[in-house]
Q: 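This is the structure I have questions about; it appears just below.
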Amino acid sequence: MKHCTLLMATLLIAGCANAPGWLTPRQNAAPEADATAATPNMAPSTLAAVKPPKTARTVDEFDTTTAADKAAAVAPAAGGTDLGLTIASLGAAGEPGFWLKTPLVSAPGPGRVIYPANGKSVKVDLIPIPGDAGAGSRMSLAALRVLDAPLAGLPELRVFSLK
C-alpha cells in the first residue's frame with residue numbers, strides 16, 4: 001500500500017505539466033512588454049502591428065510588417081535632436097513594429113535611426129530602458145531589416161529624437 005501511494009503521488013506530480021488551464025498558475029506578463037504596449041506616444045504602426053504567429057520560425061515569418069509599413073518607415077524625416085551613437089542588438093523578434101529600446105531616451109517618443117555603414121535611415125519608436133548611455137540598445141527585427149543591418153551583428157547606429 002505504501003508503494004501504491006508513493007507511485008500515485010509521483011504520477012500526480014509528473015502530470016502537472018499537462019494539467020488543464022484552470023489548474024495551472026497564471027504567469028505575469030513582463031513589465032517591459034506591458035509598458036510598451038500601453039504607451040500612448042508610440043506610432044500607430046507599432047501599436048497596430050501584427051504579432052507573428054506562434055509557429056513562426058524564419059525571419060520572414062517573424063517580420064509581419066507590410067510593404068506600406070516599410071515605405072512609411074523609410075520616408076525621409078529631417079531634423080530632430082541628435083542623441084548620439086549606440087550599439088544595437090536584435091530585440092525580441094516576436095515584438096512587431098519599428099522600435100528601438102535604448103537608454104538614450106528617458107521617455108517614449110518618435111525617433112529616427114541612421115546606420116552609418118550604408119547611410120540608410122528608418123523612423124522608429126524610441127522606448128526608454130534603464131542603463132547608461134553607452135550600455136547599448138535593442139532594435140526590432142523589422143527596423144534592422146529596413147536598415148540592411150546584420151541581424152546577428154552589433155551595428156553602430158546614430159539616434160535622433162523627432163519630438
Side-chain angles (χ1 to χ4, degrees), residues 24-163:
T24 56
R26 292 186 187 180
Q27 300 219 354
N28 292 333
E32 187 175 309
D34 286 344
T36 58
T39 304
N41 293 335
M42 292 178 69
S45 63
T46 297
L47 290 175
V50 176
K51 290 195 176 243
K54 291 185 180 196
T55 58
R57 297 291 177 259
T58 66
V59 171
D60 288 330
E61 291 172 337
F62 275 104
D63 186 358
T64 59
T65 55
T66 65
D69 294 335
K70 290 174 183 164
V74 296
T81 304
D82 187 348
L83 302 176
L85 292 169
T86 188
I87 303 295
S89 64
L90 175 63
E95 290 183 41
F98 297 92
W99 47 263
L100 178 71
K101 294 180 180 181
T102 180
L104 295 175
V105 295
S106 57
R112 178 172 60 101
V113 175
I114 297 175
Y115 182 35
N118 64 13
K120 291 190 176 185
S121 171
V122 65
K123 287 189 269 184
V124 295
D125 291 314
L126 298 175
I127 302 167
I129 57 173
D132 295 329
S137 303
R138 296 183 298 272
M139 186 171 233
S140 71
L141 174 66
L144 281 172
R145 289 185 77 190
V146 166
L147 291 175
D148 285 331
L151 300 180
L154 297 171
E156 183 177 60
L157 308 171
R158 181 154 300 277
V159 182
F160 294 86
S161 172
L162 296 177
K163 280 187 179 179

Q: Residues two or more places apart in sequence or in another chain: which of them pass side chain to side chain donor-acceptor pair (under 3.5 Å) with Lys51?
A: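 For Lys51, no residue satisfies side chain to side chain donor-acceptor pair (under 3.5 Å) once neighbours in sequence are set aside.
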Q: Minimum heavy-atom separation for Arg158 to Pro116, with atom names?
A: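 Answer, listing the atom of Arg158 first, then Pro116: N-CD, 4.3 Å.
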Q: Show the atom names and distances, to 0.1 Å, of all donor-acceptor pairs under 3.5 Å that link a side chain in residues 145-156 to residues at least two apart or in another chain.
A:
unit_1	atom_1	unit_2	atom_2	d
Arg145	NH1	Asp60	OD1	3.2
Arg145	NH1	Asp63	OD2	3.1
Arg145	NH2	Asp60	OD1	2.8
Asp148	OD2	Lys120	NZ	2.3

Q: Can you name the side chain to side chain donor-acceptor pair (under 3.5 Å) partners of Asn118, sequence neighbours left out?
A: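 None.
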Q: Ala142 and Gly97: which non-hydrogen atoms are nearest, and at how many Å?
A: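 What the structure gives for the nearest pair is CB-O, 3.5 Å.
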Q: Of all residues at least two apart in sequence or in a different chain, which pass the side chain to side chain contact (heavy atoms under 4.5 Å, CB included) check with Leu83?
A: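 Side chain to side chain contact (heavy atoms under 4.5 Å, CB included) check on Leu83 returns Thr81, Leu104, Val105, Leu126, Val159, Ser161.
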Q: Can you tell me how far the CE atom of Met139 sits from the CD1 atom of Ile127, to the nearest 0.5 Å?
A: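 Answer rounded to 0.5 Å: 11.0 Å.
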Q: Should Glu95 and Arg138 count as an ion pair when the cut-off is N to O under 4.0 Å?
A: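 So Glu95 does not pair with Arg138 through a salt bridge.
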Q: Just verifying a value: how many Å separate Ile129 CD1 and Thr102 OG1, rounded to the nearest 0.5 Å?
A: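 It is 6.0 Å, given to the nearest 0.5 Å.
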Q: Please report the interatomic distance CZ(Phe98) to CG(Asp69), rounded to the nearest 0.5 Å.
A: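 Going from CZ on Phe98 over to CG on Asp69, the span is 6.0 Å.
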Q: Could you work out, with side chain to side chain donor-acceptor pair (under 3.5 Å) as the rule, every residue matching Thr86, not counting sequence neighbours?
A: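 Applying side chain to side chain donor-acceptor pair (under 3.5 Å) to Thr86 gives Ser137.
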Q: Using modelled atom types only, decide if a donor and an acceptor are shared between the side chain of Lys163 and the backbone of Gly111 within a distance under 3.5 Å.
A: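 Side chain of Lys163 to backbone of Gly111, a donor-acceptor pair under 3.5 Å: no, none is there.
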Q: List the atom of Pro103, the atom of Gly131, and the distance in Å for their closest heavy-atom pair.
A: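 Result for this residue pair: CB-O, 3.3 Å.
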